[in-house]
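A short write-up of the structure that comes next.
Letters A, B, ... mirror the listed sequences (proteins, then strands); counts begin at 1.
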Number of protein chains: 2
Amino acid sequence: MSQMQQVERQLREMILGLDIGPGEKLTERWIEGRFGASRTPVRAALLRLETEGLVSRDGRGWTVSPINLAEIEQIAVYRQAVEAAAARLTATLEDKEGLDAIEAMLDSCGAGTPREEWHRIGTDFHVELARLSGNEFLFRAVRDAMTRLSRARWLEIRDEAASARAWAEHRSILAALRAGRGDDAAALLISHIGGSRDRLVASLQTERRGLRARGFAVIAA
Amino acid sequence: MSQMQQVERQLREMILGLDIGPGEKLTERWIEGRFGASRTPVRAALLRLETEGLVSRDGRGWTVSPINLAEIEQIAVYRQAVEAAAARLTATLEDKEGLDAIEAMLDSCGAGTPREEWHRIGTDFHVELARLSGNEFLFRAVRDAMTRLSRARWLEIRDEAASARAWAEHRSILAALRAGRGDDAAALLISHIGGSRDRLVASLQTERRGLRARGFAVIAA
DNA sequence: GATACCAGTTTGGTATACCAATCAGGGATA
DNA sequence: TATCCCTGATTGGTATACCAAACTGGTATC
């Protein structure tokens with residue numbers, strides 16, 4: 001694997017893992033020293049992360065993209081459009097094996113499962129569902145949207161009830177798909193995404209002061 | 001404007017304008033010489049054009065992305081999802097000025113208008129409509145989809161009847177939006193996009209032999 | 001004490017040298 | 001004649017030197 005790809009991957013992990021806070025300044029030379037690569041692969045990695053929305057240009061320099069509540073709301077609308085479309089496609093599939101694999105993913109989360117795992121699988125549910133549609137563009141749209149939401153979801157304060165509710169909704173979406181009821185699945189997804197967004201934005205607005213105190217830039221909606 | 005942006009813009013224009021054929025190999029050093037910039041900005045430009053889907057990695061090297069009929073069909077489904085969502089948002093707007101501007105765009109195309117202009121405005125109709133929705137992600141999705149379709153649309157053999165029909169459909173979409181009938185506009189858009197796709201794919205399949213003879217790689221659906 | 005300005009430092013932008021992997025082509029061999 | 005292999009040229013990947021613009025801190029001036 002080339003150094004560019006390594007730098008890109010590691011830097012993405014640090015950003016998504018909040019090891020570098022939203023809104024923090026980045027310099028090419030700091031990254032260079034941090035990862036032991038020269039500026040050429042560092043620049044390439046930054047250019048790609050920019051298209052993912054994880055870093056932004058700040059005048060002449062680089063910044064880890066702040067968390068933007070208005071953006072989160074717009075992403076929800078975008079997700080509703082593309083995930084509903086993907087679900088309608090998936091519902092027409094003969095082969096239900098992909099749905100089994102996704103259901104198994106959900107099953108693997110239980111009482112003792114670490115928070116990290118819930119977060120990852122909660123993301124993968126949506127991404128893998130979109131992948132099943134067979135449409136590369138719908139898939140990439142969902143994957144990229146979930147990547148952009150990842151840090152915000154990580155910072156969200158979720159109670160157990162909310163998680164259980166989300167999982168139940170996931171299961172009913174799968175059931176509708178399995179039965180070939182694409183419109184139902186789409187409607188359930190749209191409602192699920194809307195609910196997630198509302199809880200996410202509310203949580204971040206409540207926590208905003210604390211997050212800023214930790215050095216995390218959170219832009220109001 | 002930085003050299004990277006200049007190289008990116010000029011190279012994009014050459015690719016979209018078919019000055020470099022779909023499927024052609026690119027070398028960083030050829031681009032370097034062609035545009036009088038060093039490899040650093042050239043590399044940056046290639047990385048960004050790769051995310052737009054205009055160039056692809058071919059093993060170790062670079063290739064102008066071929067025209068891919070399966071991809072065109074997938075993009076149509078993607079467009080139907082995002083443009084319909086954008087239309088529903090736009091229909092709820094109070095301010096109809098944006099729609100006036102788009103209608104004026106359509107009006108500016110007449111009997112003596114060059115083909116280039118029809119192509120540009122036929123694209124901008126969809127992009128500007130998505131922009132009116134106010135959702136940055138829907139807008140970018142439509143803009144990027146239309147960019148990817150641009151070369152294929154340019155190669156399409158369109159008769160006057162097809163163009164007239166497309167323009168009439170554009171106008172009826174605008175009328176529905178103006179009346180606030182978002183669902184009608186969405187349905188009209190979905191049908192319009194489906195029809196465009198069918199004619200586009202059919203035309204390219206018919207012309208495939210000739211296009212290949214001109215050195216244009218066209219991958220079958 | 002506030003402000004304007006200046007020098008030194010830092011930063012991204014660019015050019016370029018070097019390397020390893022790859023490719024093309026020609027010649028030796030069966 | 002067909003095939004294999006070797007060699008030199010080409011290519012993307014990387015490191016790095018240099019530049020101009022932007023920033024920083026301190027100082028002189030009002």
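Neither OP1 nor OP2 of D:dT14 sits under 4.0 Å from any side-chain N or O of A:Ser38.
In this pair, A:His119 and A:Trp154 present their aromatic rings perpendicular. The plane angle is above 60°, beyond the 30 to 60° band. Between B:His126 and B:His192, the two ring planes are parallel [angle under 30°; tilted spans 30° to 60°].
Within 3.5 Å, no donor on the side chain of B:Arg60 pairs with an acceptor on the base of C:dT22, nor the reverse.
Counting to the nearest Å, the P atom of C:dT10 and the NZ atom of A:Lys25 are 18 Å from each other. For A:Glu28 and D:dA15, the CD to C1' distance is 14 Å, given to the nearest whole Å. In this structure, B:Arg29 atom CZ and C:dA15 atom P are separated by 14 Å, rounded to whole Å. Look at CZ on A:Arg57: it is 9 Å from P on C:dG12, rounded to the nearest Å. The nearest whole Å value for the distance from the CD atom in B:Gln3 to the P atom in D:dA21 is 14 Å. Between the CD1 atom of A:Ile31 and the C1' atom of C:dG12 there is a distance of 12 Å, given to the nearest Å. The distance between atom CG of B:Asp58 and atom P of D:dT10, rounded to the nearest whole Å, is 19 Å. At whole-Å resolution of the value, CZ in A:Arg39 and P in D:dA17 are 12 Å apart.
Side chain to side chain, A:Thr63 and A:Ser56 fail the donor-acceptor criterion of an N or O pair below 3.5 Å.
When all heavy atoms are compared, the tightest approach of B:Ile121 to B:Cys109 is CD1-SG, 3.6 Å.
At a threshold of 4.0 angstrom between heavy atoms, the contacts of B:Thr40 include nucleobase atoms, whether or not backbone atoms are also involved. Residue B:Leu26 is classed as a sugar-phosphate contact, given heavy-atom separations below 4.0 Å to backbone atoms only. Nucleic acid contact for B:Ala37: sugar-phosphate only, since backbone atoms but no base atoms lie under 4.0 Å from a heavy atom of the residue.
By the 4.5 Å heavy-atom criterion applied to side chains, A:Ser196 and A:Arg153 are not counted as neighbours.
Nearest nucleotide to the side chain of A:Pro41, out of C:dT14, C:dG12, D:dA15: D:dA15.
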